[in-house]
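A, B, ... follow the sequence lines: proteins, then strands. Residue 1 opens every chain.
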Amino acid sequence: MRKLVPLNTQLVLTGLALALVLSSCDASSLQEGPIVDVRPQKLQVGDELIVEGPAVKAAPSSLSPGWPRSVFATKVPTVILLEGTFTRYAAKENEPRQYQDRVELLARPIPAASNPSQATQVVALLTVKHRQRLGWVRFEGRVGVEQRPASGAASSSPLWSSSQAPYRLVFFQPSMRSLASTFVEWVNDDRLLAWLGIAVEPNGTGLEITALQSSSSSGQSASSAAHHGLLQGDILLRANGRPLTSSGELSTAFRHASPRSVVTLTVLRGGREFTQPLSANEKPLLLPPALLQLLVMVIFGLAALTLALVISGVLTWVERRVAARIQSRVGPNRVGPQGILQWIADGIKLVLKEDIIPDAVDRPLFRLAPYLVFMGLLGTFVVLPFGQLLIISDLNIGLLYLIAITGFVSLGLIAAGWSSNNKWSLLGGMRSAAQIMSYEIPTGLALMTPVILAGSLSTQTIIERQGGLVSAWFAQGGWPWNWFVFDNPLAFLCFLIYFTSALAEGNRTPFDLPEAESELVAGYQIEYSGWRFAVFMLSEWANLFVIGAVATTVFLGGWQVPGFSLEQQASSLWLQLLGLGIFFAKSMTLVFVIIWIRWTLPRFRIDQMMSLCWKYLVPWAFASLLFVALWVWLAPEWLRLLTQVLTMAIFGGGTAVIFFARVAFNWRQNPEAFSWRPFY
Amino acid sequence: LTYNYLRIGGVSFDATADWIQRCYQFLEHFEKVLPEFDRLITDNEIFIHRCANICAISAAQAMAYGLVGPNLRASGVNFDVRRDIPYSIYQQLNFDVVIGGGTMGTLGDCWDRFWVRCEEMKQSVALVRQCLDRLPQGPIYNKPKRIRPKGEAWARVESSRGDMFCYVIGNGSPTPERVHFRTGSFNAMQVVRPQSRGIMVADLVALIASLDVIAPEIDR
């Protein structure tokens, strides 16, 4: 696991404080056991915090070397202990609040044999109960594992403990998805426990019955726990052989039990274990947690669809207006203010058109193809981080998913070309397949460079790593010199490679060969009309936005608001909105550049396009990848910082100088051609 | 183009002072825009790669296929009806005949044909300016008398697509026995067949576009 380098003075102070805390501990009562890994670094409700010992070398042992055997003793609860400095950022406070605290998380041990890492783990589930104390908090300090004698015993001195300091963990607010499943679990638990007539409290080894409704007062005496002879103070260890650490697991056991069967509980009473079958007859309706998750997914999917439609619709108008301006025309300006509603009029027109399916086409494929293309592009919206808290799903394989899901596009284009039964369509489809498959290689390689720099495939993490490590206003929160595009000269090259290949993958000029109108009429979409044609068009412009958004995410710092740390941004709605605006501004700037390129450059020939890819982009992308890998591995921190500043000065500044020099040159040539009015 | 402004005997409307003023304004604007087009397209790397050394037509082949106008001059043949068989007032006007030089590749390739046309636009600006300067006052239309000629006559002018040749045979009746227009596009289309062997579809587009073939002119 990669540890962040402590750079700021805060951290040094924290370290000193920690040293004091540690030295004041009574070391003699602790039996130290090594901790090798604490993961993940970022958690939210529903995630599991894993504390791992060293890997087991000798084969059949299930215990990491140095760990006490008592970790598997069921009678003694295990807790993960977080002790150190907590930093909380609240919305209404300007300064982050720091405080010393000690948080205990009930955990369960997992033997080394059942882990791929071959090490003993202690795992704690972050539940909704921890939301208040561990939501939007950064933790720095000691992570330990503690065990105490069974609850009720007077002494609370730890049986053993182990720590390695300092660890840094960030606790996020729970996402909609995890909240949804948690909500269903709440409802289930409530219903089940009311039905059983008990209240339970997890205590580390199992569920302790803290209150019991006597069978006489309960209307459903046959089903109540008291009827089955359970007493207050009993500890429920297992249900149907599965360990119980939360009431959710109890309701899961009952949910899976068929109505006529029984759920066998293993109960600990007075140090003695026995089993007690409970009838699942007339159990209450327990909802699968996936149900509400599904609902949330559908809502988010529709939101993404709407967003994609609106973005691509408006972009068609933007493109037509920009093109008109470049060609000294006016462009659509009649529907709505400045014609901004033109896309709705066009959409309605296309929907009302006759839906023509030519006789000789392969009907199922012909009808499916546009949706395949659109699906590939809409799928990318899942991992596009519009804001720090505005992402549908922050997949840990984000970029890999992105590259994979866009594969649907080439599938759809080939299907459209093939099924149309038209030689120009087929040529267009084949061209697009060859083109997309070739250019996917430099695209993927160029995207791997920031992945190496960030150490993660997750789009959110890539953006967060472009926020600088030093907590000073000029160094944190995504200033241009923190962006990956300026990390080193070859990262800048990778940005150019990505941008070029993305144009080629998106069939944009100068690589729009699959739909080259002068050669192939309209390529793969010749035979399409009406709504399916509209879907093709929408995907084309949705793709435009995706190119811009991915480049923004991966190379240009995404939603980071310069001058503010991640926690500050997370705690303020205004900074969130600003971040959203920044993300869109960056993406739209790139989209404008793409449109600009389209109406400026002529088209490549197919062999030239292929030789550009295979002879130039692929080798350069490989070289950059290799260099950046070595760079991250070998270059010291000060050299990397120096290179970032120099790269921005030389390449960023150079681009700006060239741009303004050209503008000045054209200004001198023909000042009348300049107009500052965006609309006319 | 097809407003029938030009007609036998003159033109349909007189040029107003305002129109002449606007003509001068446009020429000024156009002269400044032309170098911009050069920077944008003529010297564009992708454009050069698409056009240079593509479908080079040699001077001998150009003459054999009867290419005319810019297509002929791009192959290095120094011929312009306006200069070599002058008609109208071309003798009084000052202009250069642009000839292709194989600057970016072979003589007579697509890029040369494009470049000759671009340079001719600059010549056209000079020609229009000279004509506007010496635009005479007076009647604009002299209604021709209907005659019934016998015998044959020809005339040739340098049109926008090169040498346009008109041949008329009269037999003494109100309608001529035969009228033939020989235009550039028809001949240019013939050279596509030998030139397009073994090239790519994209090059075919460049070839036809560089020959500046327009369909109504082929249809004879």
query = Is the OH atom of B:Tyr141 crowded by more than 12 outside heavy atoms at less than 6.0 Å?
reply = yes
task = Compare every heavy atom of A:Pro602 with every heavy atom of B:Asn44, then report the nearest pair and how far apart it is.
result = ND2-CD, 3.5 Å
task = Would you mind checking which part of A:Gln608 comes under 4.5 Å of any heavy atom in chain B, side chain (CB onward), backbone (N, CA, C, O), both or neither?
result = side chain
task = Could you tell me whether B:Tyr24 atom OH has more than 12 heavy atoms of other residues or ligands within 6.0 Å of it?
result = yes
message = Between B:Asp203, B:Val33, B:Ile41, B:Leu204, who has the most heavy-atom pairs with chain A when the cutoff is under 4.5 Å?
response = B:Asp203
note = NE2 (B:His49) and CG (A:Asp607) are apart, to the nearest 0.5 Å, by 10.0 Å
Please list every donor-acceptor pair under 3.5 Å in which a side-chain atom of residues 657-667 of chain A meets a protein atom from a residue at least two apart or in another chain.
residue, atom, partner, partner atom, Å
A:Asn666, OD1, B:Arg39, NH2, 2.5
A:Asn666, ND2, A:Arg662, O, 3.1

inquiry  = Return the CD1 to CE distance between A:Ile606 and B:Met200, rounded to the nearest 0.5 Å.
reply    = 7.0 Å
ask   = Can you tell me if CE on A:Met430 sees more than 12 non-hydrogen neighbours from other groups inside 6.0 Å?
value = no
message = Checking A:Glu440 now: which residues fulfil salt bridge (Lys or Arg N to Asp or Glu O under 4.0 Å) with it, not counting sequence neighbours?
response = none
query = Is chain A contacted by the side chain of B:Ile54, its backbone, both, or neither, given a heavy-atom distance below 4.5 Å?
reply = side chain
